[in-house]
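Beneath this line is the structure, given in structure tokens, with notes to follow.
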2 protein chains.
Amino acid sequence: MRQDINYDFEERIELLASLLSEKKFIELADLLSRTNPIDVEEFISNLSDEDSVIVFRLLKKDDAAEVFAELDHDQKQKLLSGITDLEVDNIFKDLNFDDMIDTLEEMPASFVKKVLKRSDSETRKLVNEFLNFPEDSAGSLMTTEYVELKENFTVGKALDLIKETSDNRTVIYTCYVTGAGKKLLGFVSLRTLVTSNRDVLVKDLMYEDVISVGTHDDQEDVAKQFGRYGFTSLPVVDSERRMVGIITVDDIFDVMEEETTEDFQKMAATTPDEAEYLDSSVWQLAKNRLPWLLFLMVSGSFTSTILKNYQNLIQSMIALNIFVPMLTDSGGNAGSQASTLVIRGMATGEIDTSKDWLVVIFKELRVGLLSGFIMGIVACAKCVLFDKVNFEVGLIVGVTILVIITIAKIVGSMLPMLAKKLNFDPAIMASPLITTIVDSIGLICYFEVANIIMSIY
Amino acid sequence: MRQDINYDFEERIELLASLLSEKKFIELADLLSRTNPIDVEEFISNLSDEDSVIVFRLLKKDDAAEVFAELDHDQKQKLLSGITDLEVDNIFKDLNFDDMIDTLEEMPASFVKKVLKRSDSETRKLVNEFLNFPEDSAGSLMTTEYVELKENFTVGKALDLIKETSDNRTVIYTCYVTGAGKKLLGFVSLRTLVTSNRDVLVKDLMYEDVISVGTHDDQEDVAKQFGRYGFTSLPVVDSERRMVGIITVDDIFDVMEEETTEDFQKMAATTPDEAEYLDSSVWQLAKNRLPWLLFLMVSGSFTSTILKNYQNLIQSMIALNIFVPMLTDSGGNAGSQASTLVIRGMATGEIDTSKDWLVVIFKELRVGLLSGFIMGIVACAKCVLFDKVNFEVGLIVGVTILVIITIAKIVGSMLPMLAKKLNFDPAIMASPLITTIVDSIGLICYFEVANIIMSIY
């Protein structure tokens with residue numbers, strides 16, 4: 001029954017759904033075994049509680065554990081409450097170690113206790129140890145299912161060991177060589193092993209300058225290492241360089257997505273939150289956003305003071321007033337263009353603040369003058385031709401645009417670098433905060449330019 | 001000379017630099033061979049032209065090609081002009097096929113011609129074919145160095161083939177099984193091969209439901225597949241499902257970074273540009289930003305018209321005027337919080353517009369009312385107590401905040417989803433555009449609220 005299979009996950013999920021609704025369980029089980037666990041998870045997550053237990057029982061042993069690991073917290077709990085203790089134990093036995101830890105972390109303490117009581121003492125000890133690693137640390141990401149070799153092994157012995165002891169879960173493409181007390185000495189790739197003669201010693205093949213991470217390293221730094229070197233796995237060592245686990249690239253994709261989301265949240269002046277948007281309550285969303293909104297509103301009211309101070313000027317030339325929002329917005333936009341690009345450049349490591357800050361500021365100064373000049377001419381023409389104000393006001397607006405855009409570019413590029421210097425996260429110096437700062441500067445410029453030009457006329 | 005090596009790339013690069021300055025070339029060559037090519041590249045990229053050629057010549061053959069592939073365009077050209085034709089040919093022979101294509105794409109046509117003239121006709125044909133794939137397509141990312149098996153091979157034969165024919169560059173952890181005319185039939189992992197008996201047939205081990213991408217698929221979609229499934233490589237097929245190459249995860253990290261940068265650029269109202277910030281000229285930066293700044297400035301001047309229309313109201317109650325920037329900024333901030341979170345949710349696939357749009361809008365409505373209510377009270381109190389305006393004005397400001405925040409949240413969440421519906425990129429509906437739109441709505445609300453409250457008093 002070979003066909004030209006063009007695997008498309010949406011089609012596949014529809015097909016699974018139709019087999020389920022027709023109760024064709026044998027065909028369903030077969031198709032499930034040929035479907036990627038990620039897609040099976042998506043299929044199951046949209047089923048009723050009853051149906052999801054039915055489908056789950058149709059899965060092969062190994063697939064069941066993989067699919068289970070992908071389910072979200074609520075779905076896991078629902079499923080676990082729908083199956084027998086024996087089935088629960090089987091799932092936990094087949095789970096990758098890191099997925100087991102993740103699952104146990106999410107479950108109520110009473111459940112964890114019950115599962116651990118039924119498992120052997122070694123597992124129990126290891127689980128308790130791993131549960132203690134801080135969230136977002138390398139330790140909380142790692143798994144223990146890797147191949148450990150000794151340096152005096154021959155290639156033949158190493159390959160036999162891999163063949164005998166590794167199961168589906170074990171990472172075997174990079175094998176780690178340890179010495180006394182599990183000290184990490186080096187690694188050898190399965191590629192090297194299978195392309196070498198069986199009697200060569202592992203120590204003659206191994207690469208000693210291993211790049212590793214510590215158990216308490218932040219997951220963001222771990223992700224940076226993966227990104228920098230393009231690794232598929234990295235060893236984790238404790239403070240004495242003893243090998244304790246490995247981290248695999250599939251877990252890093254999630255970390256990268258999380259970290260990027262966090263940057264977006266900060267740049268929109270929202271307290272970062274790992275919870276998914278749709279799962280967050282209204283109260284939670286408001287709590288993440290309100291402090292910043294209030295802070296910006298209160299600091300933004302500095303503009304009121306400025307406007308009050310120039311009240312007389314505005315009264316004497318009321319036409320000035322109508323261009324205030326347009327001017328402050330333009331400044332905010334120009335500033336946030338600069339700050340966003342600089343923040344991103346710093347995040348990807350392209351801009352090295354200590355080395356490049358002067359280059360960046362000088363560049364933005366020139367970009368600001370160039371853009372500001374062109375925009376100033378357009379603004380002046382627009383004011384005179386469309387808003388029908390006199391040339392004096394048009395000139396004031398045009399010159400102000402030039403000044404505001406230039407200052408906004410400089411401030412926008414400087415503040416993220418300054419934040420870094422002061423050990424703040426540069427991402428908070430994004431659009432909202434820059435806008436608030438540039439607004440005040442912009443207004444003062446506007447009225448001072450007006451004063452100067454009016455005194456000339 | 002084994003030590004407890006704690007590999008830190010900054011220390012390593014410093015050590016390399018000091019060996020170079022002391023002209024200890026033998027130690028330098030040894031240390032280079034034990035240093036990750038990525039870090040060697042960073043080291044070389046900061047050297048003078050002369051020194052970089054010296055260091056480059058100290059590298060081992062395979063390392064040299066890997067380091068070369070990591071260099072940026074200018075550095076490649078500099079290096080190539082400093083070495084002999086023979087050395088150039090050797091580098092190109094050792095390059096991964098995808099890196100060779102990338103390099104040739106960047107080089108002047110005359111250079112490409114020269115290199116191709118010196119290579120064999122098969123390479124020439126393949127190179128010309130690959131150079132034709134559109135930039136940002138799967139075809140432009142792929143490499144040809146993978147293991148291809150036939151279904152009637154035994155495991156033993158497959159392993160021998162891998163051992164004999166694969167070199168350092170070939171991806172061997174996933175082997176692809178093809179039939180007549182190179183049709184992709186399935187894959188088998190090296191894990192399965194090394195843990196199976198030598199006389200089992202490949203066709204009994206292979207997994208048939210292969211997830212693959214097409215040569216002309218967009219690289220962003222390819223990256224999504226990697227992210228979804230956590231793959232380390234993916235096969236690329238042509239329109240007739242013939243296997244033409246594979247894409248590996250290390251290239252995908254770069255794509256992910258590029259795509260995220262593109263999103264950031266769009267969200268800051270800048271034309272996306274792949275060129276790095278520091279490499280871009282002032283003119284280029286201005287060109288990317290000016291069209292948006294001008295567009296936003298001109299559409300933002302709609303606020304001038306609104307202010308002009310309410311001129312009489314403002315004149316009769318001049319205190320209203322000083323709160324305009326604070327109110328419009330608060331609306332802009334609230335709107336861009338909502339739009340950023342929704343844009344990000346859509347990018348990660350969490351929010352499915354067609355299914356979730358009503359949920360999202362209803363959620364934002366409630367978040368808006370809750371935040372707006374609290375902010376309104378704070379704003380009113382602040383106006384009366386600090387800005388010493390009368391309670392009437394304070395009430396107008398407070399009620400306006402409630403209205404503006406609520407509307408801003410709804411507009412901010414709705415517009416990205418609407419953009420998607422209309423096949424625009426949701427990312428353009430970020431901060432700057434939302435601010436411009438919310439400003440106008442906010443001003444009208446403000447003055448209408450003022451009219452209502454003043455008519456009651």
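- Interface summary for chain A: among Arg191(B), Met267(B), Glu164(B), Met326(B), the most heavy-atom pairs under 4.5 angstrom belong to Arg191(B).
- For Val171(B), the part lying under 4.5 angstrom from a heavy atom of chain A is the backbone only.
- Looking at Ser440(A), there are no atoms closer than 4.5 Å to chain B (heavy atoms on both sides), in backbone or side chain.
- Heavy-atom pairs under 4.5 Å with chain A peak, among Glu276(B), Glu350(B), Glu257(B), at Glu350(B).
- Interface summary for chain B: among Tyr207(A), Phe9(A), Phe386(A), the most heavy-atom pairs under 4.5 angstrom belong to Phe9(A).
- When side chains are defined from C-beta on, Val360(B) counts as touching Leu278(A), because their heavy atoms get closer than 4.5 Å.
- Between atom CG of residue Asn36(B) and atom CZ of residue Arg228(A) there is a gap of 8.0 Å, rounded to the nearest 0.5 Å.
- Chain A forms the most heavy-atom pairs under 4.5 Å with one residue out of Asp439(B), Thr328(B), Asp356(B), and that residue is Asp439(B).
- Within the 4.5 angstrom heavy-atom criterion, only backbone atoms of Ser33(B) (N, CA, C, O) approach chain A.
- By the 4.5 Å heavy-atom criterion applied to side chains, Lys163(A) and Asn197(B) are counted as neighbours.
- Across Lys183(B) and Glu240(B), no two heavy atoms sit closer than the pair CE-O, 2.9 Å.
- Interface check for chain A: of the options Thr248(B), Thr195(B), Leu293(B), the most heavy-atom pairs under 4.5 Å are formed by Leu293(B).
- Per-residue heavy-atom pair counts under 4.5 Å with chain B were compared for Val359(A), Val324(A), Ile351(A), and the maximum is reached by Ile351(A).
- Looking at Gln311(B), only its side chain comes within 4.5 Å of chain A, counting heavy atoms on both sides.
- Between chain B and the residues Phe253(A), Tyr310(A), Phe323(A), Phe302(A), the largest count of heavy-atom pairs under 4.5 Å involves Phe253(A).
- At a 4.5 Å heavy-atom cutoff, the contact between Val249(A) and chain B is made by side-chain atoms alone.
- We find the CH2-CG distance between Trp292(A) and Asn333(B) to be 10.0 Å, quoted to the nearest 0.5 Å.
- Within a 6.0 Å sphere centred on CZ of Phe373(B), heavy atoms belonging to other residues, nucleotides or ligands number 12 at most.
- Looking at Gln315(A), the atoms closer than 4.5 Å to chain B (heavy atoms on both sides) all sit in the side chain, from C-beta outward.
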Checklist line | CA sep, side-chain torsions, deciding dist, call: Thr35(A), Asp209(B), side chain to side chain contact (heavy atoms under 4.5 Å, CB included) | finding: CA-CA 7 Å; Thr35(A) 302; Asp209(B) 295 44; 5.6 Å; no

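- No part of Ala319(A) comes within reach of chain B, as not one of its non-hydrogen atoms sits under 4.5 angstrom from that chain.
- At a 4.5 Å heavy-atom cutoff, the contact between Glu42(A) and chain B is made by side-chain atoms alone.
- Using a 4.5 Å cut-off between heavy atoms, Ala347(B) makes no contact with chain A at all.
- Contact of Ile401(A) with chain B is made through the side chain alone, with heavy-atom distances under 4.5 Å.
- Ionic pairing of Arg289(B) and Glu364(A) is present here: one or more N-O contacts between side-chain nitrogen and carboxylate oxygen are shorter than 4.0 angstrom.
- Contact annotation for Leu443(A): only side-chain heavy atoms (C-beta onward) come within less than 4.5 Å of a heavy atom of chain B.
- Across Val194(B), Leu285(B), Leu193(B), the residue that shares the most heavy-atom pairs under 4.5 angstrom with chain A is Val194(B).
- With values rounded to the nearest 0.5 angstrom, Leu341(A) atom CG is found 9.5 Å from Ser336(A) atom OG.
- Between Lys203(B) and Glu208(B), none of the side-chain N atoms (NZ, or NE/NH1/NH2) sits under 4.0 Å from a carboxylate O, so this pair counts as no salt bridge.
- Taking the six-membered ring where tryptophan is involved, the planes of Phe264(B) and Phe264(A) are essentially parallel, since the angle between them stays under 30° and well short of 60°.
- Looking at Ser196(B), the atoms closer than 4.5 Å to chain A (heavy atoms on both sides) all sit in the backbone: N, CA, C or O.
- For Ser189(A), the parts lying near chain B are the backbone and the side chain together; criterion is any non-hydrogen pair under 4.5 Å.
- Using a 4.5 Å cut-off between heavy atoms, Asp39(A) contacts chain B through both its backbone and its side chain.
- In terms of heavy-atom pairs under 4.5 angstrom with chain B, the leader among Asp250(A), Ile343(A), Ile172(A), Asp251(A) is Ile172(A).
- With a 6.0 Å radius and a threshold of 12 heavy atoms from other residues, nucleotides or ligands, Lys308(A) has its NZ atom above the threshold.
- Contacts between Lys382(A) and chain B at a heavy-atom distance below 4.5 Å involve the side chain alone, from C-beta outward.
- Looking at residues two or more places apart in sequence or on another chain, you find no salt bridge (Lys or Arg N to Asp or Glu O under 4.0 Å) involving Arg366(A).
- Residue contact with chain B, scored on non-hydrogen atoms closer than 4.5 Å, involves the backbone and the side chain of Ala338(A) alike.
- Between Arg344(A) and Asp263(A) no salt bridge is recorded (no basic side-chain N to carboxylate O distance below 4.0 Å).
- Interatomic distance, Ser413(A) OG to Tyr277(B) OH, rounded to the nearest 0.5 Å: 6.0 Å.
- Note on Pro325(A), Gly332(A), Gly368(A): by heavy-atom pairs under 4.5 Å with chain B, the leading option is Pro325(A).
- Note that OG1 of Thr232(B) is 11.5 Å distant from CD1 of Ile252(B), once rounded to the nearest 0.5 Å.
- Only the side chain of Lys409(A) comes within contact range of chain B, judged by heavy atoms closer than 4.5 Å.
- There is no contact between Ser339(A) and chain B, counting heavy-atom distances below 4.5 Å.
- From Gln265(B), atom CD reaches atom OG1 of Thr270(B) across 6.5 Å, with rounding to the nearest 0.5 Å.
- Of the atoms belonging to Asp254(B), not a single heavy atom falls under 4.5 Å from chain A.
- Residue Ser299(A): no heavy atom, backbone or side chain, is found under 4.5 Å from chain B.
- The most heavy-atom pairs under 4.5 Å with chain B, out of Asp329(A), Asp387(A), Leu296(A), Ile405(A), come from Asp329(A).
- Using a 30° and 60° split on the angle between ring planes, Tyr173(A) and Tyr173(B) fall in the parallel class, below 30°.
- Ranking Ile314(B), Val378(B), Thr436(B), Ile318(B) against chain A, the residue ahead of the rest is Ile318(B), based on heavy-atom pairs under 4.5 Å.
- When the salt bridge (Lys or Arg N to Asp or Glu O under 4.0 Å) test is applied to Lys266(A), the partners found at least two apart in sequence or on another chain are Glu262(A), Asp425(A).
- Proximity to chain A (any heavy atom under 4.5 Å) is shown, for Leu190(B), by both the backbone and the side chain.
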